[in-house]
Amino acid sequence: MTMMTSPAKTTLRLRTAAALTCAGITLAMLAGCSPQPEPSPTETPLFASEEEAFAAAEETYRAYMTAYNSIDIQDPTTFEATREFVGGDFATEERKTLSRFHAEGYTRTGSTHILDFSGETYTEAEAVVARTCNDVSETDFVSTDGNSIVSSERQDVYALDLTFTVQASTLRLTDAVAVEDPTCAP
C-alpha cells in the first residue's frame, strides 16, 4: 500500500527544505565572507647573521663618529647631525651635554679617530655589543678663557664598550661605557 501525500504536505516539505538550504547557503556565504583573523606577523631578525650585525654596528658607529666630529658646539643646529645614529638615554645625555657645553661657551678642536672596532655579542633581541678603541689625542674642549677643560688624566687612546639596539628597524647606538683594555693603548 502506497501512502499518498497530500499536496499541502509536499509543499510544506519543499518549503522547509528550501528554507534549510537557503539557511545553509547563507551560513556558508557568511562564513566565506566574514573576515578571517589576520595571521600574526612573525618578526624576522634585522640581521641574517652575527657577522652582518657586527658589520652594521661598525657602519653605524663610523657614521656616528663622522657626524659627531662635524658638530660645532657654538652652533646648536649642528647637534642634529648624530640624531639618526643614536637612541634611548644615550641620545638624551648627548643632547644635554652638547647643550651645556654650548651654554658654557666651550669650543671643541680636533676629531676623534677610530683605531679598532670589534663585535662582541649579538642577541636575538636585536642588541649588538662591540668594543672600539678611539684616539682622542687631537681633541680638546676649551673654555671661553682659552683653557682646556679636559682632565690632564685623560688618556689619548681609550676603549669603549658600545651597545646598539634596533629602534624603528634601524640600528642605533644606545650606550657607551669606558673600559680598561690593554690592547687599546697608544
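Every heavy atom of this structure was used, including side-chain atoms; hydrogens, water molecules and symmetry mates were not.
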Any chance you could measure Asn69, atom CG, to Met65, atom CE, to the nearest 0.5 Å?
4.5 Å

Arg154 versus Val136, closest heavy-atom pair with distance:
NH2-O, 3.0 Å

Would you please indicate yes or no on a ring centroid separation below 6.0 angstrom for Phe101 and Tyr106?
yes

Can you check whether Glu94 reaches Tyr68 side chain to side chain, under 4.5 Å on heavy atoms?
yes

Is there a path of hydrophobic side-chain contacts, each under 4.5 Å between heavy atoms of I/L/V/M/F/W/Y residues, joining Phe54 to Val129?
no

Taking all atoms of both residues into account, what is the closest heavy-atom pair of Ala63 and Phe85, and its distance?
CB-CE2, 3.4 Å

Would the number of heavy atoms belonging to other residues, nucleotides or ligands and lying under 6.0 Å from CG of Asp89 be above 12?
no

Tell me the closest heavy-atom pair linking Ser70 and Ala81, and the distance in Å.
OG-CB, 4.0 Å

Can you tell me if Arg172 uses its side chain to pair, donor with acceptor, with the backbone of Gly88 under 3.5 Å?
no

Nearest-0.5 Å distance that lies between atom CD in Glu104 and atom CZ in Arg100:
7.0 Å

Residues Asp140 and Ser148: closest non-hydrogen pair is OD1-OG, 2.5 Å

Please round to the nearest 0.5 Å and tell me the distance separating atom CZ of Phe79 and atom OG1 of Thr97.
10.0 Å

Could you tell me which non-hydrogen atom of Val86 sits nearest to which non-hydrogen atom of Ala91, and how far apart they are?
CG2-CB, 3.6 Å

In terms of heavy-atom contacts, does CD of Glu50 have more than 12 from other residues, nucleotides or ligands at under 6.0 Å?
yes

List in chain and number order the residues that pass salt bridge (Lys or Arg N to Asp or Glu O under 4.0 Å) with Arg62, two or more places apart in sequence or in another chain; answer none if no residue qualifies.
Glu58

Hphob cluster co-occupancy, Leu98 + Leu160, side-chain heavy atoms under 4.5 angstrom
yes

Does some side-chain heavy atom of Thr165 sit less than 4.5 Å from a side-chain heavy atom of Phe90?
no

To the nearest 0.5 Å, how far apart are OH in Tyr61 and CZ in Phe117?
8.0 Å

Quick one: CZ on Arg108 to CD1 on Ile73, what's the gap to the nearest 0.5 Å?
6.0 Å

Is there a side-chain contact between Thr60 and Phe164 (heavy atoms, below 4.5 Å)?
yes

Is a donor on one side and an acceptor on the other found under 3.5 Å between the side chain of His113 and the backbone of Asp135?
no

For the hydrophobic clusters of this structure (ILVMFWY residues joined by side-chain heavy atoms under 4.5 Å, transitively), does one cluster hold both Leu162 and Ile114?
yes

Looking at Thr78 and Asp72, would you say the former's side chain and the latter's main chain have a donor-acceptor pair under 3.5 Å?
yes

side-chain contact (heavy atoms from CB on, under 4.5 Å), that's the test. Do Tyr122 and Glu52 meet it? Break it down for me.
CA-CA 10 Å; Tyr122 167 63; Glu52 190 178 300; over 6 Å; no

Review item, side-chain donor-acceptor pairs of residues 173-182, under 3.5 Å, at least two apart:
residue : atom : partner : partner atom : Å
Thr174  : OG1  : Thr163  : O            : 3.2
Asp181  : OD1  : Thr183  : N            : 3.0
Asp181  : OD1  : Thr183  : OG1          : 2.6
Asp181  : OD2  : Arg131  : NH1          : 3.4
Asp181  : OD2  : Thr183  : OG1          : 3.4

Say whether Glu59 and Tyr64, considering side chains only, have a donor N or O and an acceptor N or O under 3.5 Å apart.
no

If Ile, Leu, Val, Met, Phe, Trp and Tyr residues are connected whenever their side-chain heavy atoms lie under 4.5 Å apart, and connections chain through other members, are Val150 and Tyr158 in the same group?
yes

Using every non-hydrogen atom in the two residues, find where Asn134 and Cys184 come nearest and quote the distance to one decimal.
N-SG, 4.3 Å

One should read off an interatomic distance between Ile71 CD1 and Ser111 OG, to the nearest 0.5 angstrom, of 11.5 Å

Salt bridge between Glu80 and Arg95, side-chain N to carboxylate O under 4.0 Å?
yes

